[in-house]
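These notes are about the structure you will find just below.
Quick note on labels: first sequence line is chain A, next is B, and so on, each numbered from 1.
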Number of protein chains: 2
Amino acid sequence: MAFLTSSPLPKRAPIPTAPALSWRMIRADGRPANVVAFEESVVAFFLEAAEILGVPKSLAAIYGVIFASPEPLSFSEVQERLDISAGSISQGLRVLREVNALKVVPNSDSKRELFEPDLELRKLIAHYLEQRVEKQLDSGRGRLQAIAKAIPDGADGSSKVLRTRLKSLQGWHDKSRRVLPMVKALLKLTS
Amino acid sequence: MAFLTSSPLPKRAPIPTAPALSWRMIRADGRPANVVAFEESVVAFFLEAAEILGVPKSLAAIYGVIFASPEPLSFSEVQERLDISAGSISQGLRVLREVNALKVVPNSDSKRELFEPDLELRKLIAHYLEQRVEKQLDSGRGRLQAIAKAIPDGADGSSKVLRTRLKSLQGWHDKSRRVLPMVKALLKLTS
DNA sequence: ACAATGTTTCAATTCAGATTGAACCTAGAG
DNA sequence: CTCTAGGTTCAATCTGAATTGAAACATTGT
C-alpha cells in the first residue's frame, strides 16, 4: 500500500523512479490527436480515482473512455479505443452495468447495445459504501461481542486495561456506523 | 476486489468456499487457551478492518497482538505470538510507529523498546485520510483543469455534452473535498 | 445455410504488492 | 576486542487479484 510505504530509508539515495501514472492504455491508432489527448486525461482522472478506492484499472479505463465520448459507445468501439483484451472489456462492462455506472442505450439499428455513463454517481457511491464498508462494519459488531466474552473477567489491572481498550474499539465502531449515514446524506446534497 | 466480483454467473452452483478470515497467524505454542482465543479474536477484528482500508495483514496482526496485551510488548514478544517472519515484524513495527499507531515505552531495564497501542486512533485515521484521500484529491484538481482545456471548444452538441460531464465531475470533486473535513470533524466528536 | 464478425466465459498467465530469508548491523556480555 | 543474540535491510519469492487468450456462443450479412 503506497501510502504506508515507510519513509525512504535513510541510506542510499532514493532512485527517482518515474511515477508513471498515465499509461499506454489509450489506443492512438489513426485518430485525431486532440481527441486522443482528451480521452487520455479523462481516463487518467478515473484511473487515479480508482486507485483511491481500490478498483481495478481496467474498469476505470472503460468507464473513462465511455465518459469521454459525447455519444454512447458499443462494445467494439470501447475495444478500439483501449488496449485491453476483449475478455476484460466484456467483464468490465458487465460489472459497470451491475453497479449502475453505465446505462444501456438500446441501439436503434442493430441489436448491439450502446453504453453511456450514468452521471448519477450517487448510486454508484452508495453501492460502494454499502458493499465495502457497511457489510464489514456489521460483521465487526459480531467480532466485538466475541472479544468482550473472551476478556478474562476479574478486577485486576490487566482485565481493566483490556476492558478499557475494548471500550475504545466499540467507541470507534459506533462512531463509524454513525458517520456513514451522514456521509451519504452529505453526498446527496448539491447532488 | 471482492465487493465488485460480478454476481455469481448464472450457471454452475457457486461453491460455498469457506470465508476463512481467521488464520493460522497466532501462535498457540504452549500458552493458555483462553489468552490465545482472546488474541485471536482481537487480531481477527483488526484483520477485517485492515481489509476495508486495504492495509497489509501483517500490520493488522502486529497491531492486534499489541492491542490485545495488557502490558507493552517487545519485538521478541510480538514475534513469539505471531507466525510471521522477523523481517515483516521489523518493518511492520516501524510503519506502525511512523503512523502513530504505536507508542514506544522506554524499557526500564535493558535498552530494548516496548510497544503499546496508541488509543488515539484519531491521529491514525487523520493520517490515513490525508495520505490516501487528500493527496489524490489534490492531484485530481490538476487533472480536471487539463480535461477542461482539452475539451474541443465549440457550441455544437458534442462539446456541450462534454462540458456538462466535466461539470458533473467537478461537482463531485468539490463535494468530496468538502465532505472530507466534515468527516474529520465528525470523527473528532465523542472522541 | 454458411461465413464472418462480435461477445462471453473461464482456465491459464501475468503482475503488483506482501512476505520471507539470509546477509548484515549493533549492543551488550565475557 | 571478540562473540553472540536481537534487530534491520533488501533482493528474491510467494500470493492473490487482474488480465489475457482462446474456445464456445451469438449475431449479422451473403
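- Atoms CD (E113(A)) and P (dT8(C)) sit 7 Å apart, rounded to a whole Å.
- When the shell of 6.0 Å around CZ of R141(A) is examined, it contains 12 or fewer heavy atoms from other residues, nucleotides or ligands.
- K57(A) places its NZ atom 15 Å from the C1' atom of dT20(D), with the value rounded to the nearest Å.
- When the nucleotides dT28(D), dT19(C), dT8(C) are ranked by their closest atom to the side chain of P56(B), dT19(C) comes out on top.
- Following rounding to the nearest Å, F75(A) (CZ) and dT28(D) (C1') show an atom-to-atom distance of 16 Å.
- Computed from coordinates, the I89(A) CD1 to dT20(D) P distance equals 9 Å when rounded to whole Å.
- Under 4.0 angstrom from either OP1 or OP2 of dG21(C) there lies no side-chain N or O belonging to S85(B).
- Heavy-atom distances under 4.0 Å link DNA chain C to S76(A) of residues 76-84 of chain A, given in residue order.
- Side-chain nitrogen and oxygen atoms of S88(A) include none within less than 4.0 Å of the OP1 or OP2 phosphate oxygen of dT19(D).
- Where the helix from dA1(C)-dT30(D) to dG30(C)-dC1(D) starts and where it ends, the local axes point in directions that differ by 10°; five pairs per end, rounded to 10°.
- Atom pair Q91(B):CD and dA18(C):C1' shows a separation of 9 Å (rounding to whole Å applied).
- Atom CZ of R112(B) is separated from atom C1' of dG6(D) by 5 Å (rounded to the nearest Å).
- In summary, of the residues considered (E130(A), Q131(A), K123(A)), a side chain to side chain contact (heavy atoms under 4.5 Å, CB included) with H127(A) occurs for Q131(A) alone.
- Annotation: of the two residues near DNA chain D, L93(B) and K111(A), the 5′-most nearest-nucleotide partner is L93(B).
- In this structure, R94(B) reaches the dT9(D) phosphate: one of its side-chain N or O atoms is under 4.0 Å from OP1 or OP2.
- Remark: P of dT19(C) and CD1 of I62(B) are 9 Å apart, rounded to the nearest angstrom.
- By the 4.0 Å N-to-carboxylate-O rule, D29(A) lies too far from R81(A) to be salt-bridged with it.
- Separating the CG atom of L53(B) from the P atom of dG17(C) is a distance of 17 Å, rounded to the nearest angstrom.
- For dT19(D), the OP1/OP2 oxygens have a side-chain nitrogen or oxygen of S58(A) closer than 4.0 Å.
- For R31(A) and E39(A), the salt-bridge test passes: some basic side-chain N is under 4.0 Å from an acidic carboxylate O.
- At least one donor-acceptor pair under 3.5 Å links the side chain of S74(B) to the backbone N or O of E77(B).
- Annotation: ring-ring contact (aromatic ring centres under 6.0 Å, His included) contacts of F67(B) (sequence neighbours excluded): F46(B), Y63(B).
- Atom-to-atom distance recorded for I52(B):CD1 and R132(A):CZ is 8.0 Å, nearest 0.5 angstrom.
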